[in-house]
Amino acid sequence: MAKILMVQPSKCASCRNCELACSFAHEGVFNPNKSRVHALVWERLGLGVPLMCMHCDDAPCVEVCMTGALHRDEEANGVLWDKDKCIGCKLCISACPFGNASYDSETKSVIKCDLCGGDPECVKFCPNEAIEYKEADKGMLTKKAMYAEKFKKIFEEVE
Amino acid sequence: MEIIIDGKKVEAQYGETILEAAKRNDVYIPTLCHSEALPGLATCRLCMVEIVENGVTKRVASCSYPIQSEIEVVTDNEKLRRIRKTLLKLYYTMAPNSEMIRKLMEQQDVREFNRCKVDTENKCTLCGLCVKACETMGTNAIYTVFRGAAKKVGTPFDEPSEPCIGCGACASVCPTNAIEYLEENGTRAIWGKTFKMVQCKACGKYFATEEEIAYLYQKLGDDIDIKKCETCRKKANANRFIAAIKAEGF
Ligand code: SF4
Ligand code: SF4
Ligand code: SF4
């Protein structure tokens, strides 16, 4: 079983260390705007939601990418972006239903979680284990599926 | 298989181009029109190398010449340098204000020369990358066209091109930044066409052209919802998370 990124909002202290670690690892700067993960904070509820690319199985971003720059990588068990193959149409940015990809015009780059080659920085620098990178065992997958079901319903309610 | 590049034995795969093999082995070959996303254009000829194959010496464009036998490659000699210099002078007259051309000239030791015939407005070297990018998008909005004696890249009859969605891929791949692309006050303009942009339902930011959204719906089907900008889509997703957590009761 391959590993996946799991987030636990109840553990997130909204310190946003993950954003700094991510932007530093990828861009060499501490700049949340260049981070691939964003911790959205609900102060009143005392919750934080660290969000990054979900590495969808049927990823819309992959589907719209005409050059194969965005592709599913079996080994990484994720959706990866190949800079050399990108022609900068930016359609993937609008295609992602979760807003998890953005475009940096300065560097002509799609900014999106790449799982850090299998050793995610956000996981290493989160002091509260709110982001974990774990083998997806059978139990977890079921939970994920359950969650997705619920999600779908709530989705409709929230919209 | 093994080939020789500049006197050094290197590993190469059958069928890959000389440029690919050189790159992997850290041998630099100058290019202008080469893009890994849109390979094989071979119009700029700057990547010319000399090879010996079956005892025959010839010069080929390394970006598109496939390795099929144990050839010997020379990437730099007097003759190749002369060819590159001549080409760069030509490109300089076509696009004197392009940073990319200036960089290549400096690198290949071409000094500025008689500027009387240069076209200071133009930046296009007719490499064709933009046309190929648009073709790849499936939009086919621009072509290499002939106007009298002059070849140029443009839209049919220089009119705003119907199929153009304003994505700007053409401008993004252009090595000399020759394609103007302007975004202001809720519009985007490219190739003489002005697009109305769509506003995010939540924050009001202009985030895509109407045509881009139509293109996306056509590709992804109608169940996808593209009414918000990426930042607001992310917020909506976080909201869903919170709602799910509250529903689960933890
Ligand atoms: S960028 Fe968006 S659409 Fe693409 S895999 Fe990640 S979450 Fe899915
Ligand atoms: S911007 Fe690049 S990665 Fe995104 S869809 Fe276009 S070519 Fe693919
Ligand atoms: S902006 Fe228009 S011409 Fe340029 S690649 Fe997109 S569709 Fe083609």
Side-chain angles (χ1 to χ4, degrees), chain A residues 7-10 12 33 38-42 44-45 47-52 54 58 60-61 63-69 82-103 105 108 111 143 146-159, chain B residues 23 35-39 129-130 132-139 165-174 181 183 198 200-201 207-209 212-213 215-221 223-248 250:
Chain A
V7 303
Q8 290 217 35
S10 51
C12 172
N33 288 331
H38 292 101
L40 283 87
V41 179
W42 270 255
R44 205 164 39 81
L45 296 172
L47 289 171
V49 190
L51 289 175
M52 71 290 279
M54 314 244 228
D58 289 308
C61 64
E63 211 169 311
V64 296
C65 183
M66 298 300 282
T67 62
D82 181 349
K83 184 177 175 62
D84 290 336
K85 288 215 169 132
C86 177
I87 57 174
C89 71
K90 309 190 211 46
L91 289 179
C92 50
I93 315 301
S94 295
C96 173
F98 313 109
N100 285 335
S102 62
Y103 194 79
S105 308
K108 289 194 177 182
I111 296 202
K143 206 170 153 204
M146 251 170 58
Y147 210 54
E149 261 309 298
K150 255 208 181 109
F151 229 58
K152 220 171 143 195
K153 259 178 69 197
I154 292 158
F155 213 152
E156 285 149 12
E157 282 161 23
V158 171
E159 285 305 294
Chain B
K23 246 196 188 152
S35 148
E36 255 162 64
L38 311 163
L129 265 180
C130 57
K132 188 133 189 211
C134 192
E135 227 173 80
T136 305
M137 291 301 297
T139 34
I165 59 171
C167 69
C170 50
S172 178
V173 298
C174 176
Y181 179 96
E183 213 170 281
V198 177
C200 168
K201 187 174 91 179
F207 71 99
T209 68
E212 283 176 318
I213 303 282
Y215 178 99
L216 285 165
Y217 279 124
Q218 207 209 347
K219 276 253 144 72
L220 301 171
D223 355 313
I224 199 129
D225 186 15
I226 324 172
K227 298 199 182 72
K228 291 180 185 158
C229 73
E230 65 270 19
T231 316
C232 291
R233 257 177 282 142
K234 195 160 206 163
K235 274 189 202 143
N237 193 31
N239 267 322
R240 270 173 230 134
F241 244 98
I242 299 285
I245 288 159
K246 283 207 284 195
E248 284 243 9
F250 63 138

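Naming: A, B, ... by sequence-line order, numbering from 1 per chain. Note that this is a predicted model, so its numbers are computed, not measured.
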- request: Identify, with sequence neighbours excluded, every residue that meets salt bridge (Lys or Arg N to Asp or Glu O under 4.0 Å) alongside B:K132.
  value: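 Not a single residue meets the salt bridge (Lys or Arg N to Asp or Glu O under 4.0 Å) criterion with B:K132.
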task: Can you sort out the partners of B:E135 under salt bridge (Lys or Arg N to Asp or Glu O under 4.0 Å), two or more places apart, ordered by chain and number?
output: none
- prompt: If you count heavy-atom pairs under 4.5 Å with chain B, which of A:K108, A:H38, A:M66 comes out on top?
  reply: A:M66
Below 4.5 Å from any heavy atom of chain A, which atoms of [X] appear? Answer side chain, backbone, both or neither.
X      : result
B:L38  : side chain
B:A208 : side chain
B:I165 : side chain
B:T231 : neither

message: Counting only non-hydrogen atoms closer than 4.5 Å, does A:A69 touch chain B with its backbone (N, CA, C, O), its side chain (CB onward), both, or neither?
response: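 Neither part, no heavy atoms under 4.5 Å.
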message: Report which part of A:C65 has an atom under 4.5 Å of a heavy atom belonging to chain B: side chain, backbone, both, or neither.
response: neither
Closest non-hydrogen atom pair between B:L220 and A:P60, with its separation: CD2-O, 3.8 Å
task: For the residue pair A:L47 and B:F241, establish whether any side-chain heavy-atom pair is separated by less than 4.5 Å.
output: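 No. Closest side-chain heavy atoms not under 4.5 Å.
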field: A:Y103 side chain reached by B:S172 side chain, heavy atoms, under 4.5 Å
entry: yes
How many angstroms lie between atom [atom1] of [X] and atom [atom2] of [Y], to the nearest 0.5 angstrom?
X      : Y      : atom1 : atom2 : value
A:L51  : B:K235 : CG    : NZ    : 12.5 Å
B:E230 : A:I111 : CD    : CD1   : 10.5 Å
A:S105 : B:E183 : OG    : CD    : 8.5 Å
B:R233 : A:F98  : CZ    : CZ    : 10.5 Å

query: More than 12 non-hydrogen atoms from neighbouring residues, nucleotides or ligands closer than 6.0 Å to NZ on B:K219, yes or no?
result: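 More than 12 heavy atoms, drawn from other residues, nucleotides or ligands, come within 6.0 Å of this atom.
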- request: Please indicate whether A:D58 has more than 12 foreign heavy atoms, meaning atoms of other residues, nucleotides or ligands, lying under 6.0 Å from its CG.
  value: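 At most 12 heavy atoms, drawn from other residues, nucleotides or ligands, come within 6.0 Å of this atom.
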message: Against A:S94, only a single residue in B:L216, B:T209, B:V198 fulfils side-chain contact (heavy atoms from CB on, under 4.5 Å); can you say which?
response: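 Of B:L216, B:T209, B:V198, side-chain contact (heavy atoms from CB on, under 4.5 Å) with A:S94 is met by B:L216 alone.
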task: Check the pair B:M137 / A:L91 against side-chain contact (heavy atoms from CB on, under 4.5 Å), numbers first and verdict last.
output: CA-CA 10 Å; B:M137 291 301 297; A:L91 289 179; 3.5 Å; yes
- request: Return the option, out of B:V173, B:I224, B:T136, with the maximum number of heavy-atom pairs under 4.5 Å with chain A.
  value: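 If we count pairs closer than 4.5 Å to chain A, B:T136 comes out on top.
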